[in-house]
4 protein chains.
Amino acid sequence: MGQENKLKIRNAAVQVISEKGFYNTRMLDIAEEAELAVGTLYNYFKSKDEILEYIFAKEMERRMEIIAELKAKDISTKKFLKEFLDRHFEVLIRNPHLGRVVVREKDFSGREKSGNIQQFIETLIEALEDIFVEALANSEIKDIDPHLMAVFFFGAIHGMIEHALTKPDIMMLKNAPQFIMERIEHIFIN
Amino acid sequence: MGQENKLKIRNAAVQVISEKGFYNTRMLDIAEEAELAVGTLYNYFKSKDEILEYIFAKEMERRMEIIAELKAKDISTKKFLKEFLDRHFEVLIRNPHLGRVVVREKDFSGREKSGNIQQFIETLIEALEDIFVEALANSEIKDIDPHLMAVFFFGAIHGMIEHALTKPDIMMLKNAPQFIMERIEHIFIN
Amino acid sequence: MGQENKLKIRNAAVQVISEKGFYNTRMLDIAEEAELAVGTLYNYFKSKDEILEYIFAKEMERRMEIIAELKAKDISTKKFLKEFLDRHFEVLIRNPHLGRVVVREKDFSGREKSGNIQQFIETLIEALEDIFVEALANSEIKDIDPHLMAVFFFGAIHGMIEHALTKPDIMMLKNAPQFIMERIEHIFIN
Amino acid sequence: MGQENKLKIRNAAVQVISEKGFYNTRMLDIAEEAELAVGTLYNYFKSKDEILEYIFAKEMERRMEIIAELKAKDISTKKFLKEFLDRHFEVLIRNPHLGRVVVREKDFSGREKSGNIQQFIETLIEALEDIFVEALANSEIKDIDPHLMAVFFFGAIHGMIEHALTKPDIMMLKNAPQFIMERIEHIFIN
DNA sequence: GATGAATGAGAATTCATTCAT
DNA sequence: TATGAATGAATTCTCATTCAT
C-alpha cells in the first residue's frame with residue numbers, strides 16, 4: 001500500500017541528505033534513490049521541506065517513546081539516563097545516515113516552516129529537563145539547574161554523535177554512552 | 001583601504017547568515033547589508049562559499065590565538081580551560097550573530113570546498129585534545145581518553161551556545177562557563 | 001447509463017472553468033466537482049481540451065437549433081432577431097456559468113485543436129449573416145453589409161453578456177435584448 | 001538605458017502572446033523573441049502575469065490619453081466618438097498583434113492579480129459612460145441608459161476587432177469605425 | 001466502466017557569477 | 001576599484017495523462 005512508498009522516500013531522503021546535506025540534495029536525487037519518479041514524491045509530501053520535517057518528526061517521536069517506556073519502568077534516574085543513552089546510540093550505530101541527518105540538519109533556519117524542527121528539539125530537551133527536575137525532587141541528584149543540565153547533556157550527546165559520524169568513528173559511538181555517564185556521575189547523590 | 005570593505009562584507013554576511021541561514025542568504029542580501037554592490041563582493045571573495053570559509057577561518061584563528069596565549073601563560077589546565085571558556089563565551093555574548101553562524105553552519109557538507117570548514121573544527125578539537133594529553137602527562141587529570149574528552153567538551157560547549165543563541169537566552173551564556181567547569185571538575189586530580 | 005456521467009463532467013467543467021478559467025482548471029478540479037475519479041474523465045473525453053470543445057459544440061448546436069426552429073416559423077427578420085436574443089439571454093440568465101465559459105474561453109488559441117472552437121463561432125456568425133442576407137433580399141432591411149452586421153451584432157451581444165456576467169449584473173442581462181433591438185431598429189425598413 | 005529593454009520585452013511579449021495566447025507562451029518564448037536571456041525578463045518584471053498587466057496598463061493609458069485629448073478639444077459627442085473610433089482602430093491596423101492580445105487576454109481570470117486587467121476595462125467603459133452621461137445632459141443624444149450604451153458600444157468594438165484580427169480581415173478594421181457610427185447614428189438628436 | 005497512484009515532461013522563477021562601463 | 005544589468009544553468013513543483021487493479 002501507499003505507506004510503503006512513503007517509507008521508501010523517507011529512507012532515500014535520509015540516505016542522500018546524509019551524504020550531500022539538505023540544500024545540496026535535489027528532489028530528483030531522492031527520487032532516484034527511491035527508484036520513483038519525482039512526481040511521486042509529491043503524492044506523499046507537499047514539499048522538500050516537509051520530507052525533512054517528517055524525518056525529524058519520526059525520530060523525535062521514537063525518542064519520546066523510549067523516554068515514555070523508560071519512565072514506565074520506574075527505575076533510578078541514573079539507570080534511566082544510561083539506558084536512554086544506550087538505546088539512542090544503538091539506533092545510530094545501526095543507521096548512521098539517520099544520525100547524520102538529525103544532528104546536522106536541525107538548524108533548518110531562515111524559513112518559517114522550520115519552526116517544527118526546532119520544536120522537536122525543544123520538546124526533547126524539555127523531556128530531559130523533566131527527568132532532572134523529578135530527580136531533584138526525589139533527591140537523586142545534587143542541586144543543579146535542570147535546564148542547564150538538560151541542554152548540556154543534549155549538547156554533549158549531539159557533539160559526540162556528530163563527530164563520530166563525520167569521521168566516521170564507530171568505536172566512539174560505542175564508548176560514548178559509558179563516557180557520558182562517567183562525566184555526569186558526580187551529579188548523583190550516593 | 002580595501003580591507004575596510006572586506007570587513008564590511010564579513011560583518012554583513014555574519015548578520016544576514018545568522019538570520020536566514022547560509023543557503024537562504026543571497027549575495028544580494030549581503031551586498032545590501034554591507035551597502036555595497038554585488039559585484040564588489042567579488043572583488044574581495046571568489047565565491048559565496050569563500051565568504052563563509054573566511055568567517056570560520058577568522059574565528060578559528062582567534063580561538064587558536066587564545067589557546068596559544070593561554071599556553072604561554074603556563075597556568076594549570078583547570079585554570080586554562082576555565083579561562084578559555086570565559087573568553088570564548090564572552091566573544092559570543094558580545095556578538096551573538098557570529099556565534100549563531102559558527103555553530104549552525106559548521107556542517108557545510110556536500111561540497112568539496114566544505115572540507116576547510118570541517119578542518120577548522122577538527123583543528124580546534126585537536127588543540128583541546130592536546131591540552132588534555134599534556135594534562136594527562138602532567139598528572140593533572142585522571143586517566144581519561146583525551147580524544148573523547150575533547151569531543152565531549154566541545155560538543156557540550158556548542159550545544160549550550162546553540163541553545164542559548166536560538167532562544168535567545170543570554171543568561172545561559174553567562175552561566176555556561178561555570179556550569180561546564182563544574183561538570184568536568186571531577187576529572188581533575190586534587 | 002454512461003451519458004449521465006458525461007453530463008456530470010460537462011456540468012462540473014462548466015462550473016469550475018467559469019470560476020477559475022480554463023487554464024487554471026485542473027482535471028482534478030473537474031473530477032472533484034463531478035464527484036468522479038480523474039481516470040473516469042478519460043473514459044468520456046480524450047483530453048482536457050476535448051471537454052471544452054464539447055461544451056462549445058453543445059452550446060453552438062443549441063443556438064443553431066434555435067435558429068433552425070425560428071426559421072421554420074417563417075416570421076419577420078425583426079421578430080426573428082428579437083426572439084433569438086430573448087432565448088439566447090434566457091439560457092444565460094438560467095445558467096450564468098455556462099455563459100461565462102462561452103464568452104471567455106472562445107479564444108482558445110495557440111493550439112491546432114482550438115480550430116474547432118473558432119469554427120463554432122464562425123458558424124454562428126455565418127448563420128446570422130445568412131439571416132441578414134435573406135432579409136436584404138426580401139427588402140426587410142436597408143442596404144447594409146450583412147457580414148459586418150453579423151459581426152457587429154454578435155460582438156455587441158457577447159460584450160454585454162461578458163460585462164453582465166462579470167459584474168455580475170443580472171438586470172443588464174434582462175434588459176439587453178430589448179436594448180440591442182433598439183440599437184438596430186433603424187436598419188429595418190418600415 | 002534600462003527602459004529600452006523593458007520595451008523590447010513588451011514588444012516581444014505582444015508578438016508571441018498574440019500568436020500563441022498567454023497560457024501557451026513560455027517566458028523562454030518571450031526571451032527569445034526579445035533576444036534576451038530569460039533571467040533578464042525578471043530584471044524588468046516580477047512575473048509573467050506582470051508582463052501582461054503592463055501591456056494592458058500601457059494600452060489603457062493610451063486610450064485614456066486619447067479620451068482626455070478629445071475632451072479638451074470640446075467637439076460634439078458624435079465627432080468625439082467618431083474620432084475615438086478612428087484613432088482606436090488606426091492603432092490596431094498598425095499593430096494587429098497588440099490588438100489581438102488586448103481583445104483576447106482581457107479575461108485573465110482565476111487569479112487575484114488579474115483584477116488589474118479587469119480594472120482597466122472597467123475604467124475605459126466608465127470613461128465612455130461619462131461621455132454618454134454628459135451628452136445626455138447636453139441633450140446631444142436621446143434618453144438612453146448610458147451604462148448599457150457604453151457596454152454595448154465597447155462590446156461591438158471589441159467584437160469587430162477580434163473578428164477582424166482573427167481572420168484576419170484588414171478591410172473590416174478600416175470599415176468598422178464608419179459602420180459602428182452608422183449603427184448608433186440614431187441615438188443623436190438632430 | 002471506475003479508480004487513483006505513478007509518471008515525467010514542462011514551466012516559472014531564482015540567484016551566483018560575469019563583465020562592460 | 002565599484003557597479004549592477006545580463007546571463008542561463010539549475011531546481012522545485014505542477015498536472016495532464018496512463019494503466020494496473
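Atom set for the values below is all heavy atoms of this structure, side chains included, hydrogens, waters and symmetry mates excluded. Just so it is clear: chains get the letters A, B, ... in the order the sequence lines come, proteins before strands, and each one is counted from 1.
Rounding to the nearest 0.5 Å places CD1 of I9(B) at 4.5 Å from CG of L41(B). Distance check: R62(A) CZ to E59(A) CD gives 4.0 Å after rounding to the nearest 0.5 Å. To the nearest 0.5 Å, atoms OH (Y44(D)) and CG (L36(D)) are separated by 8.0 Å. Rounding to the nearest 0.5 Å gives a distance of 11.5 Å between CD1 of I30(A) and CG of N11(A).
Protein atom NZ of K48(B) is 17 Å distant from nucleotide atom C1' of dT18(E), rounded to whole Å. Rounded to whole Å, atom P of dG1(E) lies 20 Å from atom CD of E35(C). The distance from atom CD1 of I9(D) to atom C1' of dT7(F) is 13 Å, rounded to the nearest whole Å. We find that CZ of F45(B) is positioned 16 Å from P of dT18(E), with the value rounded to whole Å. Atom C1' of nucleotide dC15(F) and atom CG of L41(A) are separated by 16 Å, given to the nearest angstrom. To the nearest angstrom, P of dG4(F) lies 17 Å from CD1 of I30(B). Atom pair Y23(D):OH and dG10(E):C1' shows a separation of 17 Å (rounding to whole Å applied). Nucleotide dG4(F) holds its P atom 17 Å from the CG atom of N5(D), rounded to whole Å.
Of the candidate nucleotides dT3(E), dA5(F), dA16(E), dA5(F) has the atom lying nearest to any side-chain atom of Y44(D). Of the candidate nucleotides dT7(E), dA16(E), dG4(E), dA16(E) has the atom nearest to the side chain of M27(B). In this structure, the nucleotide among dA16(F), dT7(E), dA16(E) sitting nearest to the side chain of R26(C) is dA16(F). Closest to the side chain of Y42(B), from the set dG8(F), dT13(E), dA16(E), is dA16(E). Residue N43(A) places its side chain closer to dA5(E) than to any other of dA5(E), dA2(E), dA12(E). With distances taken from any side-chain atom of T40(B) to the nucleotides dT7(E), dA2(E), dA2(F), the minimum falls on dA2(F).
Heavy-atom distances to DNA chain E give each of K46(D) and K46(B) a nearest nucleotide, and the one nearer the 5′ end belongs to K46(D). Between G39(D) and G39(A), it is G39(D) whose nearest contact on DNA chain F lies nearer the 5' terminus. Mapped onto DNA chain F by nearest heavy atom, A37(D) and V38(A) fall at different nucleotides, with A37(D) at the one closer to the 5' end.
With F22(B) as the aromatic partner, K48(B) meets the cation-pi criteria of under 6.0 angstrom to the ring centre and within 45 degrees of the ring axis.
Applying the Watson-Crick and G-U wobble criteria (two distances, each under 3.5 Å), dA5(E) pairs with dT18(F).
Counting non-hydrogen atoms under 4.0 angstrom, L28(A) reaches nothing in the nucleic acid.
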